[in-house]
Chemist: 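Take a look at the following structure, please.
In each ligand, atom 1 is the first atom listed, and ligand 1 is the first ligand listed. No experiment lies behind these values; they were computed from the predicted model shown.
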Amino acid sequence: MNHFVSHLEASIDGTVLPFGQLVNLYNGRPIWVRYDLQRVKAAVAWADIARRPPTLWRYRELLPLPQDQEPVTLGEGFTPLLPGPRLGRQLGLSQLFIKDESQLPTGSFKSRGMTAAISMAKWLGVKRVALPTAGNAGGAAAAYAARAGIECFVFMPHDTPLVNQFEARLYGAKAFRVNGLINDCGQIVRAGVDRMGWFDLSTLKEPYRLEGKKTMGLEIAEQMDGVLPDVIFYPTGGGTGLIGMWKAFQELAALGWLRQPKFPRLIACQPEGCAPIVRAYERGERFAELFPNACTVASGLRVPVAVGDFLMLDAIRASGGQAVVGREDRIAAWMQRASAAEGINICPETAVCLDVLEQLIHRGDVQPDERIVVFNTAAAPKYLEAMPGELPTLDKDRIDWSAIASFH
Ligand SMILES: *Cc1c(COP(=O)(O)O)cnc(C)c1O
């Protein structure tokens, strides 16, 4: 056999499903990829992986694409886990790390999911894909589809950041704005499956974007030398990253590849303008209701309803973590403060995490010496709308030195 997948599994009831054909949901809910971990363990060790090229495809045995298939890749993955000493000191933390996903192809971590999903779609003979997007997924899907020679249709809310509109079209996707939110765009995609003959690439509505996003957890384990951090702050929208990392940690534990069998507390961070998972978490519910009138500048988190809600809530609770809202009116200030402190361009979604981090420090839910990882999920320059205005202007013929000297 040229892959290590044992089967697919329905997340809602454990039904075993065959691998090697196109699937979306089962009973309206996501599908897991399961591996034969004994065979993986016999085939490869951490030391082998460490010698491979620094992309997420180094975890080949824990990814679904058969070994004899070339992945559709732009060299994505293995992003740096950067210490944040200055910001850490300001917050009273001694071990703050930022997993900098802003450096990935298309400027967000959506490329992780898309390299896996588009590689699998290509292998399974798909000629045409479609997806709804809050922004970054559309650009990433368009880029990887272009690379695979697959036709791509993208549907996004009418007020999606301009850069996301531009990039989807730049990579040749057939991109549309819709007078609604991402779930309304999802309805169009679902309605077009038969009519247009496309494959639905929506978040968690096919099994492989999750596997790509899972590599964030594998990378953290490798970069922290087999000892996972104490706490992870993750900006949570559809939840693929959160669910994927939790899956990665279970797989690593089952493989015996962790030096300490201790998992991080997962902190799901959502902006107050769109916080369906926080609301369900606080109410003790396993499924989340649609969050009405979703509105936030952290556009990647504008996901009012998620098909993987229960998988997120299960993972958050199992980890001993929590789901917490960040304040909308602090997003711009956190972007500025953290970027200036560390030289890392911090996106609005990550700004939400930083606001939550500060709250948890004040509450005593995070200790000063804990090892903390915050995900920076996209590049801040993609968010022109979040810019605080234009720079002050100088006249080259009459330079105003007092303006320069008193700049603040
Ligand atoms: C999509 C997105 C998220 C949310 O990711 P999920 O794994 O789907 O929850 C967070 N930040 C940015 C920048 C995004 O584009």
Side-chain angles (χ1 to χ4, degrees), residues 30 79 98-114 116-117 131-141 143 154 156-157 160-161 163-164 167-168 181-183 185-186 201-206 208-217 232-248 266-271 274-278 288 294 296-309 311-313 315-316 323 326 331 335 344-354 356 374-383 385-386:
T79 55
I98 296 169
K99 180 75 170 153
D100 189 15
E101 304 280 289
S102 74
Q103 303 187 24
L104 287 166
T106 71
S108 90
F109 70 164
K110 290 296 191 297
S111 51
R112 289 185 187 271
M114 290 305 170
L131 74 161
T133 179
N136 290 318
V154 176
M156 61 184 79
T160 298
V163 172
N164 296 132
E167 65 179 341
L181 291 177
I182 186 171
N183 46 312
C185 298
L201 265 191
S202 307
T203 298
L204 286 169
K205 293 189 183 168
E206 59 77 61
Y208 305 117
R209 284 174 65 179
L210 181 76
E211 292 300 297
K213 284 264 197 101
K214 174 182 87 175
T215 60
M216 294 189 293
I232 291 179
F233 286 79
Y234 186 81
T236 305
T240 21
L242 201 73
I243 300 163
M245 277 193 282
W246 191 242
K247 182 172 189 281
L266 299 179
I267 312 298
C269 308
Q270 298 196 306
C274 184
I277 299 304
V278 177
T296 172
V297 68
S299 49
L301 306 183
R302 202 165 52 146
V303 183
V305 55
V307 69
D309 51 0
L311 301 176
M312 284 185 254
L313 287 155
I316 293 162
I331 289 177
M335 287 175 73
I344 302 168
N345 67 101
I346 296 291
C347 67
E349 291 80 359
T350 300
V352 172
C353 292
L354 294 173
V356 170
V374 177
F375 270 85
N376 185 38
T377 47
K382 295 188 84 172
Y383 299 80
E385 291 80 356

Chemist: Exactly one of Ile232, Asp100, Thr79, Ile98 should register a side-chain contact (heavy atoms from CB on, under 4.5 Å) with Phe375. Which one does?
Modeler: Ile232
Chemist: To the nearest 0.5 Å, what is the distance between NZ on Lys99 and CG on Asn376?
Modeler: 11.5 Å
Chemist: Would you mind telling me if ligand 1 is within reach of the side chain of Asn136, the backbone, both or neither, using heavy atoms under 4.0 Å?
Modeler: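 Just the side chain.
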Chemist: Atom OG of Ser111 and atom CD of Gln103: how far apart are they, to the nearest 0.5 Å?
Modeler: 11.5 Å
Chemist: Of all the non-hydrogen atoms in the protein, which one sits nearest to atom 7 (O) of ligand 1, and at what distance?
Modeler: Tyr234 OH, 2.5 Å
Chemist: Which protein heavy atom lies closest to atom 5 (O) of ligand 1, and at what distance to 0.1 Å?
Modeler: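 Nearest protein contact, heavy atoms only, for atom 5 (O) of ligand 1 is Phe109 CZ, 3.4 Å.
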Chemist: With backbone taken as N, CA, C and O and side chain as the heavy atoms from C-beta onward, which portion of Phe375 lies under 4.0 Å from ligand 1: side chain, backbone, both, or neither?
Modeler: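 For Phe375, there is no contact with ligand 1 at all, from either part.
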Chemist: Check the angle between the aromatic planes of Phe109 and Tyr234 and answer parallel, tilted or perpendicular using the 30° and 60° thresholds.
Modeler: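 Ring orientation of Phe109 relative to Tyr234: tilted.
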Chemist: State the CD-CD distance between Glu211 and Glu206, to the nearest 0.5 angstrom.
Modeler: 9.5 Å
Chemist: Using a 4.0 Å heavy-atom cut-off, say whether Leu301 meets ligand 1 through its side chain, its backbone, both or neither.
Modeler: side chain
Chemist: What residue and atom, counting heavy atoms only, is the protein's closest point to atom 6 (P) of ligand 1, and at what distance?
Modeler: Gly239 N, 3.4 Å
Chemist: Nearest protein heavy-atom contact for atom 11 (N) of ligand 1: which residue, which atom, what distance?
Modeler: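 Answer, as residue, atom name and distance: Thr377 OG1, 2.8 Å.
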Chemist: Which heavy atom of the protein is the closest neighbour of atom 2 (C) of ligand 1, given with residue, atom name and distance?
Modeler: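 Ranking protein heavy atoms by distance from atom 2 (C) of ligand 1, first comes Lys110 NZ, 2.3 Å.
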Chemist: Under 4.0 Å, counting heavy atoms only: does Pro235 come that close to any atom of ligand 1?
Modeler: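 Right, Pro235 reaches ligand 1.
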